Peer 1: 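The structure's right below; bear with me while I get my questions together.
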Amino acid sequence: MLTKEQIDALFIFCASHSVRHYDVQVELVDHLANAVEDKMAKGTSFYDALKSVHADFGILGFASVVNAKNQSLRVQYSKAEGKLFRSYFTLPKISLTLCVVLALLLPLKFSSPVALAYFTESVLGLLFIAQMYFLISNNNLAKKQAKKLLSMEVLHYESWLSVVMMVEFFAVDKIDVFNAREEYPEAFGGG
Amino acid sequence: MYLQIRYIGLMNKSSLYKGCLEPIVMRLLRDHGRMYGYQITQMVKGITKGELKITEGALYPLLHRLEEEGVVETEIESIGNRMRKYYTLTKAGKKQSNESISELRTFIDSLNLIINPKPSY
């Protein structure tokens, strides 16, 4: 059985070979430790055994393992997102959403296009602020963690993609407001 | 034809076994319950008397893909001063392992027909 110092050396070895995340390192360290123990039992020194075991991973080294894990996490999160999205489409949830949307939009039907434009902009703005708040909170939480996790990093990356989409919606809505300004200049106080 | 035979001759063993890795791993998991990566490599090496060596660069990507597909599930346990990740076949994985092994058997039979063609009378 390897000592704690030798296990620590294996973690450092992984980190120095571009395996930065603890959740990937854990599996690799156990594999390396088993293989090194077997070689040490035959009289090889710890570092010579480690060198030889690392060579068994081939030219790409640990990269193939890291890339596969990354890809696997992305697919798993996409599947989970899809499942979550599909779970929304039930009669009670759709009915409730329609009621809320109608309750919010009906009064606007009788108000000016400017009020409608500002309303849409405010809703999108609030959604954007809420999303940014959750992202920053998650980011702070990830920073506080002593060990970096690939599973968290991939999840964080996916969340940022949704912010980019939100910004795009915001930009489209802004164009709508400009169009409304051109169409109804008097409503915006213009000539 | 000559070129094809020459190409097969130049292929190393690992290339020949490459497509068979998935059913082999699934069969081992079905027979032994939960296993960890290094244990799989050593068991294959032991059973085949060193003839087949699963490389780490092929095994872990495969295990991660099987996990993503819901074929295997994982659990992490503390083993002395380190952690160990175990893989187990899921219910769907057990069903898929039967299909996978049966496909491999059909493939072996087809290869046998090519290598040992029966004389036609």
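Order of the sequence lines sets the chain letters (A, B, ...), proteins ahead of strands, with each chain counted from 1. This structure is a prediction, so every number in the text was calculated from the model and none was measured.
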Peer 1: Counting only heavy atoms not in A:Phe85, do more than 12 sit closer than 6.0 Å to its CZ atom?
Peer 2: no
Peer 1: Go through the steps to decide whether B:His64 and A:Glu27 satisfy the test side chain to side chain donor-acceptor pair (under 3.5 Å), and finish with yes or no.
Peer 2: CA-CA 11 Å; B:His64 294 154; A:Glu27 190 168 33; 3.2 Å; yes
Peer 1: What pair of heavy atoms forms the shortest contact from A:Met1 to B:Ile79, and how long is it?
Peer 2: CE-O, 3.7 Å
Peer 1: I'd like to verify something: which residue of A:Thr3, A:Leu2, A:Leu28, A:Asp38 has the highest number of heavy-atom pairs under 4.5 Å with chain B?
Peer 2: A:Asp38
Peer 1: Ignoring hydrogens, what is the shortest heavy-atom contact between B:Pro61 and A:Ser64? Give both atom names and the distance.
Peer 2: CG-O, 3.8 Å
Peer 1: Under a single-linkage definition using a 4.5 Å side-chain heavy-atom cutoff for Ile, Leu, Val, Met, Phe, Trp and Tyr, are B:Leu111 and B:Leu113 assigned to the same hydrophobic cluster?
Peer 2: no
Peer 1: Is the closest side-chain heavy-atom distance between A:Lys4 and B:Arg82 below 4.5 Å?
Peer 2: no
Peer 1: Indicate, with yes or no, if B:Ile54 and B:Tyr86 share a hydrophobic cluster defined by side-chain heavy-atom contacts under 4.5 Å among Ile, Leu, Val, Met, Phe, Trp and Tyr.
Peer 2: no
Peer 1: Contact between A:Asp30 and B:Tyr38 at the side-chain level, heavy atoms closer than 4.5 Å - yes or no?
Peer 2: no
Peer 1: Quick check: is B:Ile47 connected to B:Met35 through a chain of hydrophobic side chains (ILVMFWY, heavy atoms under 4.5 Å apart)?
Peer 2: yes
Peer 1: Determine, using ring centers only, whether A:His31 and B:Tyr60 are less than 6.0 Å apart.
Peer 2: yes
Peer 1: Are B:Leu59 and A:Val24 connected in the hydrophobic side-chain network, where two residues link if heavy atoms are under 4.5 Å apart?
Peer 2: yes
Peer 1: Distance check, rounded to the nearest 0.5 Å: B:Leu66 atom CG versus A:Ser72 atom OG?
Peer 2: 9.5 Å
Peer 1: Charged N to carboxylate O under 4.0 angstrom, B:Glu67 versus A:Lys79?
Peer 2: no
Peer 1: Hey, are the side chains of A:Leu73 and B:Glu68 touching, using non-hydrogen atoms and a 4.5 Å cut-off?
Peer 2: no
Peer 1: Between A:Tyr47 and A:Phe57, is there a shared hydrophobic cluster once you connect ILVMFWY residues whose side-chain heavy atoms come closer than 4.5 Å?
Peer 2: yes
Peer 1: Are any non-hydrogen side-chain atoms of A:Val29 and B:Met83 less than 4.5 angstrom apart?
Peer 2: no
